[in-house]
Amino acid sequence: MTTSMLDAGLGTLGQLETFQAGTEGAATNNIFGGDGTLLTGNRRQRRQESAQYKRNLLHLTRLYRGTIEGDRRATVAFQEAMSRADFTNLFGDIIDRQLLAAYQTRPVQWPSYAKRGRVRDFRTVKRFTLDGGEGVLNQVKELAPYKVRSVTDAAYEYAVAKYGDQIAVSWETMVNDDLDALTELPTRLGNAARRTEEKFAAQLFSGSGGPNSTFFSNANRNQVNATVTGAGTPTNPALTVQGLQYAMQTLGQQKDSDGGPIYVEGVTLVVPPALEVAANNIVNATEILAATGGGPGTGNDQLRVANWMRNRVSVVVNPWLPIVNTTNGNTAWYVFANPTVGRPAMELGFLIGHETPELWVKSPNAMRVGGGPVAPEEGDFEHDAIQYRVRMVLGGTLMDPKSAVVSNGTGA
């Protein structure tokens, strides 16, 4: 058994014991993980209000812990317990919780540059944004009427879709591996769910031919080049201090419908793995050498300035960018305004009540000769196969192009 498998199993036990201790001390309908995070959307929540259920669950988790640590006595007791239907159902809870724990601990990065949304069903939803109404106020003379200002709106549409797959584990694998396959399964499915989200987000603003050409364009004034920023600006500069300076200038020159500035409190620099070192060197440098009046510090008259970008720019490395963008995925870089303030550049939406991945096991189509239920872990009638299915629901759309800037990094 690998260390990661053992850690996953022990982490699940810690969550269950925390849940046991928390619910015995006070009446509650909430389910909490080992780190205190509220675990919502669990379909077994009503059943967990039973005190007997909690005691049985805790007992089973202790047997499970002994099993994955190599305790032979615990393994025998665990196998005996698994032959009874109540413990079979309880063990399903352990696997379900382990999947949720793996999903929650897997680092996810898209919320730093996209808004998180919630939808009620699979029908197309509209997201409305307002522009205007924020210009400076007009002077009102005595007894004169107040001027009426206009506010424009924009609508964006998307619908969520269902994603998922099945995994079949043979009964022989379960027996021979001492449940290792089942221990690792939730972690793999949790990782798959997170990867699905990250790739989905990357495909919104990038494609096989490069950055989304409809969203990033000269018409939207969110490409780094002289046409947008002004004379002297290189077209699609590589990621450097000066290139990032041009990108910030491009973002800062955006205007709302009143012709006023759009305030940006912070930005996220999204780069492929090939630019990770360059991005972090730029953002984490303590000083920047600059020539008098700006530009790179290559002349005789130089300035040493504190790196202002350390408190303004955060870096996200998205490994899906070169996979999605097969043209310039290793050189293109993006700047997104903070999605929680003002105007998000994009939104990812999740179905209410199903905002985390859900794991299902197929009920076996078999019955013992003497009668009685057959545990799912015994396999189906035809092949002794144990089948698991994971499901998640998400969707999304690009929104305000004034909150994002791109350079494909090719210099052309």
Side-chain angles (χ1 to χ4, degrees), residues 113 131 134-135 205-207 209-272 275 278-279 281-283 285 288-299 301-303 305 307-316 321 325 327-339 341-346 398-412:
Y113 55 87
D131 198 7
E134 296 179 316
F205 60 89
S206 182
N212 187 302
S213 58
T214 302
F215 187 73
F216 295 107
S217 64
N218 284 339
N220 288 332
R221 302 188 64 80
N222 58 0
Q223 287 183 305
V224 182
N225 56 45
T227 302
V228 174
T229 308
T233 303
T235 298
N236 290 313
L239 180 58
T240 61
V241 173
Q242 189 171 21
L244 188 56
Q245 174 184 327
Y246 288 133
M248 297 295 290
Q249 180 181 353
T250 303
L251 187 64
Q253 288 180 346
Q254 293 283 15
K255 296 181 177 62
D256 61 21
S257 61
D258 295 316
I262 297 175
Y263 291 91
V264 177
E265 294 186 3
V267 300
T268 299
L269 173 62
V270 182
V271 299
L275 297 179
N281 283 346
I282 293 171
V283 173
I288 296 176
L289 291 180
T292 300
T298 57
D301 193 4
Q302 297 180 357
L303 301 175
V305 296
N307 188 0
W308 56 270
M309 289 180 286
R310 299 182 69 178
N311 299 320
R312 187 81 184 280
V313 182
S314 59
V315 176
V316 165
L321 290 178
N325 177 0
T327 303
N328 44 46
N330 285 317
T331 59
W333 50 279
Y334 309 78
V335 175
F336 292 93
N338 187 338
V341 180
R343 320 161 70 103
M346 52 195 291
L398 291 169
M399 297 181 73
D400 196 339
K402 294 181 179 180
S403 295
V405 171
V406 72
S407 170
N408 67 31
T410 62

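Heads up: numbering here begins at 1 and tracks the sequence.
- Residues Y246 and P234 come closest through the heavy atom pair CE1-CD, 3.2 Å.
- Summarising the geometry, atom CG belonging to D400 is positioned 13.0 Å from atom CE belonging to M346; distances are rounded to the nearest 0.5 Å.
- For S407 (side chain) and V224 (main-chain N/O), no donor-acceptor pair under 3.5 Å exists by modelled atom type.
- How far CG of N218 is from OG of S213: 11.5 Å, rounded to the nearest 0.5 Å.
- The shortest non-hydrogen separation linking T327 to G209 is OG1-CA, 3.3 Å.
- Applying ring-ring contact (aromatic ring centres under 6.0 Å, His included) to F205 and the options Y334, F215, F216 leaves one that passes, Y334.
- To the nearest 0.5 Å, the span separating CD on Q245 from OG1 on T250 amounts to 10.5 Å.
- Applying the side chain to side chain contact (heavy atoms under 4.5 Å, CB included) rule to N328 yields the partners P211, N325, T331, A332, N408, T410; only residues at least two apart in sequence or on another chain are considered.
- The side chain to side chain donor-acceptor pair (under 3.5 Å) search around N212 returns none, not counting sequence neighbours.
- Note that CD1 of I282 is 6.0 Å distant from CG of L244, once rounded to the nearest 0.5 Å.
- Pairing each heavy atom of L251 with each of K402, the nearest pair is CD1-O, 3.5 Å.
- Residues R221 and T227 share a closest heavy-atom pair of NH1-O, 4.3 Å.
- When the side chain to side chain donor-acceptor pair (under 3.5 Å) test is applied to T233, no partner is found at least two apart in sequence or on another chain.
- When all heavy atoms of A345 and A404 are compared, the pair lying nearest together is CB-CB, 4.2 Å.
- Minimum interatomic distance between G243 and W333 (heavy atoms only, all atoms of both residues): O-CH2, 3.3 Å.
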